[in-house]
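Report on the structure given below.
This one's a predicted model, so the numbers in the text were calculated from it and none came from an experiment. Lettering of chains follows the sequences in order, A, B, ..., and the numbering in each one begins at 1.
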There are 2 protein chains.
Amino acid sequence: MSDQTQAPAVRPSKGERTRARILASAAELFAASGFHAVSLRDIAAHVGLTHAGLLHHFPGKESLLIEVLSHRDREDAKVLFRVDPEDSPQEFLRLIVGVVHRNMRTPGLVSLYAKISTEAVDPAHPAHTYFVRRYALLRGQLTAAFTALAARTDPRPDYDPELTAQMLLAVMDGLQTQWLLAPATVDMHAAVVAFCARIGLDFSDAPPLPDHRSDPEPSPTSIMSAEAET
Amino acid sequence: MSDQTQAPAVRPSKGERTRARILASAAELFAASGFHAVSLRDIAAHVGLTHAGLLHHFPGKESLLIEVLSHRDREDAKVLFRVDPEDSPQEFLRLIVGVVHRNMRTPGLVSLYAKISTEAVDPAHPAHTYFVRRYALLRGQLTAAFTALAARTDPRPDYDPELTAQMLLAVMDGLQTQWLLAPATVDMHAAVVAFCARIGLDFSDAPPLPDHRSDPEPSPTSIMSAEAET
DNA sequence: CACGAAACTAACCACGTGGTAGGTTTTACC
DNA sequence: GGTAAAACCTACCACGTGGTTAGTTTCGTG
């Protein structure tokens, strides 16, 4: 059971290590410039491979994008879905706000979702289905949290849980673009906390979430992972 | 001074008419798929020209994009800037909400700004400077409106005008992407009105703005037009 | 160390892209 | 109607793109 006996058994193969580097580079470059403006050769050069080498690991550009997104979702799921929004709505919302605070330390991650989600509005985009589902899921979770919270609040608050869920998601998304365009002017976290204050939630002391320091193996039961059908 | 003496003198030339069709097609296609995923040949075919014919009217793809954006700004400016945010803050905010309501009838226009603004986060993007300025201007105007509104409200409201401006812009922007991805589920207008209710503004009866039915000549004093320096 | 599989490269392919240049057609004006 | 300019087209250019194929190098295991 010592670390020595475990480390050699789980050492990633050369291919797995290269795949991880490809995913990291693709995430970074897609985040910077979007899917269409980044070529396979760009990503491959960033990794230190040829584009044909990259295509040995991933069957094509579109499946690479889906894998980048799914990979990041599994990371988020570990944080967000350890709390049930109906059982602990306040804690769930606190985690959501914590995600915003953490995101301010990872502009690349913010940019990835901001950039690709708007591209994915186009039904022909490889990640279109992925984002339709992702937003539906998040709205559902947040609506459940606000509904549960309202049921526990006396006097009962006068907000519509579904509209409020849409608003909170919108504030978070909308602030990303503004922040990316003017990071010195726009304070994402303060604005989200201020929004929550508007609906009666005090998260002014919400602690930050842990950084993305490690990328452990993907969880086999990924809730947020959308397997693309393309 | 009769209409008959004016109409022949101001009839657009063939070139002007073609330019207008190019701008409309470019706006539509950029809105659908973004700058990078649309080629000049796509736009030209949509107009019914060759791409070389298109390039007779616009010196290049990048300047075409800037012109599309500036053109739409002049249209918005006519609506938004007929009211001074400091003199009539409530009326100004009412117009902002009216813009959202109107936008629900023009998915293409919504998509254009949503799509290109996130692309433009990339400093190498042709519209980067344009959007940095646009957001700064809008934040300034909204901050001025909320500041003036707070000064006229007794007891003084407890919101920070600058954060609130960021939040309102964020809600409007963030709702666009959600709406474009799930138009049957997300009600942009209701969510924005609900947000305003959260800060003490009742716009539940805000009237819609006029449609984009006509495209009159550009105003010579366009406030929101950002002349690109590229 | 040997060997098969994985990882990776070089070269190729067909196609698409923004832009250029010269020629043809259309427009606008006198 | 004549003419010059504007509008538009055809053909070309160099380059970039995602993907394929065959060969070479590296890895992992016995």
Practice prompt. Locate the shortest heavy-atom distance separating D122(A) from K115(B); write the atom from each residue and the value.
Written response: N-NZ, 3.7 Å
Worksheet item: With respect to the phosphate group of dC8(D), does any side-chain polar atom (N or O) of H56(B) fall under 4.0 Å of OP1 or OP2?
Response: no
Worksheet item: Can you find a side chain N or O atom of H57(B) that sits less than 4.0 Å from OP1 or OP2 on dC8(D)?
Response: yes
Item to complete: When you get a sec, tell me which of dA28(C), dT20(D), dA7(C) is the closest nucleotide to the side chain of S13(A)?
Response: dA7(C)
Worksheet item: Rounded to the Å, how far apart are R11(A) CZ and dG28(D) P?
Response: 6 Å
Practice prompt. Check every strand shown and say whether L40(A) touches a base, only sugar-phosphate, or nothing at a heavy-atom separation below 4.0 Å.
Written response: sugar-phosphate
Worksheet item: Quick one: F58(A) CZ to dC8(C) P, roughly how many Å, whole number?
Response: 11 Å
Worksheet item: For the side chain of K61(A), counting heavy atoms from C-beta on, which of dA28(C), dT10(D), dG19(D) is nearest?
Response: dG19(D)
Item to complete: Output the single nucleotide from dT17(C), dG19(C), dC9(D) whose closest atom is nearest the side chain of L55(B).
Response: dG19(C)
Discussion item. Which nucleotide wins on minimum distance to the side chain of T18(B), given the candidates dG18(D), dA21(C), dA7(D)?
Written reply: dA7(D)
Worksheet entry | dT17(C) phosphate, OP1 or OP2, under 4.0 Å from S39(B) side-chain N/O | yes
Discussion item. Could you report the tightest heavy-atom contact between V47(A) and R21(A), atom names first, then the distance?
Written reply: O-NH2, 2.7 Å
Practice prompt. Quickly work out the E16(B) CD to dT27(C) P distance and round it to whole Å.
Written response: 15 Å
Item to complete: Using heavy atoms to find the nearest nucleotide of DNA chain C for R17(B) and H51(B) separately, return the residue whose nucleotide is more 5′.
Response: H51(B)
Practice prompt. For H36(B) and dG16(D), give me the distance from atom NE2 to atom C1', rounded to whole Å.
Written response: 14 Å
Worksheet item: If every non-hydrogen atom of L175(A) is compared with every non-hydrogen atom of Q166(B), which pair is closest and at what distance?
Response: CD2-O, 4.1 Å
Discussion item. On the side chain of R41(A), is there an atom forming a donor-acceptor pair with the base of dG16(D) - under 3.5 Å, no angle test?
Written reply: no
Worksheet item: Starting at the 5' end of DNA chain D, which residue's closest nucleotide do you reach first, A37(A) or L49(B)?
Response: L49(B)
Worksheet item: With no hydrogens and no angle check, is any side-chain donor or acceptor of E119(B) less than 3.5 Å from a backbone partner on F35(B)?
Response: yes
Worksheet item: L54(B) CG to dG18(C) P: how many Å, rounded?
Response: 10 Å
Discussion item. For Y113(B) and N103(B), which I'm curious about, is there any donor-acceptor pair between the side chains at under 3.5 Å?
Written reply: no
Item to complete: Measure from the side chain of K14(A), starting at C-beta and using heavy atoms only, and say which of dT17(D), dA11(C), dG28(D) lies closest.
Response: dG28(D)
